[in-house]
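One structure below.
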Amino acid sequence: MHFEFSTASRIIFGSGCLEQIGTLGRDWGRRVLIVTGRDPERASALREHLDEAGVTSVVYSVAGEPTLQTIEEGSEVVRAEACDWVIGFGGGSAMDAGKAIAIMHTQEGEILDYLEVIGKGRPIRREGLPYIAVPTTSGTGAEVTRNAVLGFPEHGIKISLRSPLMLPRVALVDPSLTLGLPFEITASTGLDALTQLIEAAVSSRANPMTDALCEKGIQLAAASLERCCFQPGEIGPREDMALAALYSGIALANAGLGAVHGFAAPIGGMFSAPHGAVCAALLPHVWRANLKAIQPQQKGKFDRVAQGLLGDASARAEQVQDWIEGLCLRLRIRPLAALGVSASDVTEIARRAAQASSMKANPVNHGPAALEAILMEAIRVS
C-alpha cells in the first residue's frame, strides 16, 4: 500500500475562533486583503478583530464565481494597497478567489500560463502570499483544498488553477459564522459536502486516512444537514456540518471525487445553477450506475456508505438511491430539467464530463453511452 496525504498547514476549529484571526497573521505583515462574497458587510466582525490586533484590512468583494478578471482585479488591489497576506472569507467562490490571488502574486507571467485545459498548464513553482481561509458556509471544503475553480463564461466551462502550494497556511473554521444562513444555501452547500464525502469514500484513489474521514463525515452530515436547514439557529448541528464539510475537503484533496463532480463541472459552466443543487440532482443516478457496474470486491465500500447514511449497520448500498432522493425532496432540490438541462444538452455535457479531472477517480470507467444514459435518467426524473 502506498499513498500520500496533505492538508492545510494548520486547522483551527470551533465556535468563536474567529477572534484569533488578528494574531494569527500579524507576523506576516500589518496589511491584509480580505476577499469576501457579494456582501462585504458580513466581514465586519472579522475586520474588528484585525483592527484590535493592529492589522489594516482592505476588502475586495467577489459577486459570484471567480473569473480570470476577478483574479486580475484582486491581484491589482494587492499591489496597489501593498498587502502582505490574504484572507478568503465566505463560501467556496470567495475562498477560491483568495487562494488564486495569493498564489498568483508571486508567480511570473499571467494566470493563463498556469491553467489547465485552456492555458499552458505550467506548474506553479513559488509559494504565494500567506493565506488564511475562513469558510462561512458548510459545503465546498475549499479551506483545505489545493485548487481554485475559475469560471470562463465565454467558453461555458470551469477550470482549476491547481498546486500543492495553494493549500492555505491556516484553515480557520468557526461554525458560528454559518448560523442563520438561508435554507436554500444551507441545503445546497451541505449537499455538496455530502456528495464529496460519498464520492471520496468510493473513489479509486481512496486510502485509509480518507476512508476514516469519509466514514465519520458521512455520519455527521446525514445526522445534521436537515437540522441545519429546519433549525437554522441551533449551533450543535452547525458545528457537526462544519466538521463534515472540513472532512470532505480534506478527503477530496487526497482521494479525488467522481462522476457527479465530473458532470457538475460542465453543467456549472453551461448553466446558471447552484453547484450543490446540481450535485444533489445527479448523485442518486450516478450512485445507481456505479453500483450496477462495480466489481464484487468493491461492494463493501458502497455498503459502508449506506450504513453511515442510514445509521444502520445492516444497511446495504441498494438503499442509498431512495435515501438520497428522499433527502433531496425534503430539502427542495430542483431536478436537472428545472435547472435548465434538457435532452439536447446530453451529448455535449457527457463529452465534456469525460474529460473532467474529477471523472478520473470514479470507481467505474463509464463509456460515452453510459454517461449519456446517466444524464438522461436524471433529466427524465424531472
Side-chain angles (χ1 to χ4, degrees), residues 64-65 91-92 137-140 151 156-158 181-199 202 221-222 225-226 228-230 248 257-293 305-306 309-310 317-354 356 358-359 362 364 366 368-382:
E65 193 164 57
T137 64
S138 297
T140 66
I157 55 175
K158 296 181 182 182
L181 278 177
F183 184 103
E184 182 178 285
I185 294 175
T186 300
S188 176
T189 56
L191 283 162
D192 186 21
L194 180 58
T195 302
Q196 289 169 174
L197 288 161
I198 292 172
E199 290 210 289
V202 299
L225 177 50
E226 285 187 78
C228 288
C229 292
F230 292 103
S248 80
L257 290 166
V260 173
H261 279 81
F263 285 126
I267 291 174
M270 295 166 66
F271 303 91
S272 178
H275 172 73
V278 171
C279 290
L282 287 161
L283 180 58
H285 310 290
V286 170
W287 178 270
R288 179 175 178 273
N290 284 345
L291 183 59
K292 186 177 179 180
V305 170
L309 290 174
L310 278 67
E318 290 78 7
Q319 299 171 259
V320 168
Q321 182 174 359
D322 287 344
W323 188 92
I324 294 169
E325 288 175 342
L327 178 65
C328 289
L329 185 64
R330 295 190 296 276
L331 297 189
R332 309 168 197 168
I333 296 299
R334 294 184 296 164
L336 281 187
L339 298 174
V341 184
S342 68
S344 62
D345 303 306
V346 163
T347 299
E348 179 61 16
I349 293 171
R351 184 189 69 79
R352 296 188 187 189
S358 293
M359 196 66 77
N362 197 64
V364 176
H366 293 296
L371 294 177
E372 292 188 19
I374 293 169
L375 284 168
M376 286 301 299
E377 182 180 319
I379 292 169
R380 281 197 299 268
V381 164
S382 308

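Throughout, numbering of the chain's residues begins at 1 and tracks the sequence.
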Side chains of [X] and [Y]: does their closest heavy-atom pair fall under 4.5 Å?
X	Y	result
Leu375	Leu282	yes
Leu309	Leu194	yes
Leu331	Leu225	yes

Spacing of [atom1] belonging to [X] relative to [atom2] belonging to [Y], to within rounding of 0.5 Å:
X	Y	atom1	atom2	value
Leu283	Leu191	CG	CG	8.5 Å
Asn362	Phe263	CG	CZ	8.5 Å
Leu336	Arg380	CG	CZ	12.0 Å
Leu181	Cys229	CG	SG	10.0 Å
Leu257	Ile198	CG	CD1	11.5 Å
Glu199	Ser248	CD	OG	11.0 Å

Over all atoms of both residues, closest heavy-atom pair of [X] and [Y]:
X	Y	value
Ala306	Val320	CB-CG2, 3.5 Å
Ser358	Gly262	CB-N, 3.7 Å
Gly340	Phe271	O-CE2, 3.1 Å
Ala281	Arg334	CB-O, 4.0 Å
Thr137	Gly91	OG1-CA, 3.7 Å
Arg352	Pro266	CB-CB, 3.7 Å

- request: Determine, stepwise, if the pair Met359 / His366 fulfils side chain to side chain contact (heavy atoms under 4.5 Å, CB included).
  value: CA-CA 9 Å; Met359 196 66 77; His366 293 296; 5.7 Å; no
Original post:
Should Val346 and Ile379 be marked as a side chain to side chain contact (heavy atoms under 4.5 Å, CB included) after you check the CA-CA gap, both sets of side-chain angles, and the distance that decides it?
Top reply: CA-CA 9 Å; Val346 163; Ile379 292 169; 3.6 Å; yes
- Query: How far apart are the C-alpha atoms of Arg332 and Glu184, what are their side-chain angles, what is the distance that settles it, and do they pass the salt bridge (Lys or Arg N to Asp or Glu O under 4.0 Å) test?
  - Reply: CA-CA 8 Å; Arg332 309 168 197 168; Glu184 182 178 285; over 6 Å; no
For atom CD of Glu372, decide whether the heavy atoms of other residues, nucleotides or ligands shown that lie under 6.0 angstrom number more than 12. yes
Salt bridge check, Glu226 against Arg330: does any charged N sit closer than 4.0 Å to a carboxylate O? yes
- prompt: Under 3.5 Å, is there a donor-acceptor pair linking the side chains of Asn290 and His285?
  reply: no
**Prompt:** Are Asp192 and Thr195 linked by a side-chain donor-acceptor pair shorter than 3.5 Å?
**Reply:** no
**Prompt:** Taking the six-membered ring for Trp, are Phe230 and Phe183 parallel (under 30°), tilted (30 to 60°) or perpendicular (over 60°)?
**Reply:** perpendicular
* Apply salt bridge (Lys or Arg N to Asp or Glu O under 4.0 Å) to the pair Arg351 and Glu348, showing each step before the final yes or no. => CA-CA 5 Å; Arg351 184 189 69 79; Glu348 179 61 16; 2.7 Å; yes
Is the backbone N or O of Ala277 less than 3.5 Å from a side-chain atom of Ser188, with the two atoms forming a donor-acceptor pair by type?
-> yes
Say whether, by atom type as modelled, one donor and one acceptor occur between the side chain of Trp287 and the main chain of Ile324 under 3.5 angstrom. no
Between Glu65 and His275, is the side chain to side chain contact (heavy atoms under 4.5 Å, CB included) condition met? List the steps.
CA-CA 10 Å; Glu65 193 164 57; His275 172 73; over 6 Å; no
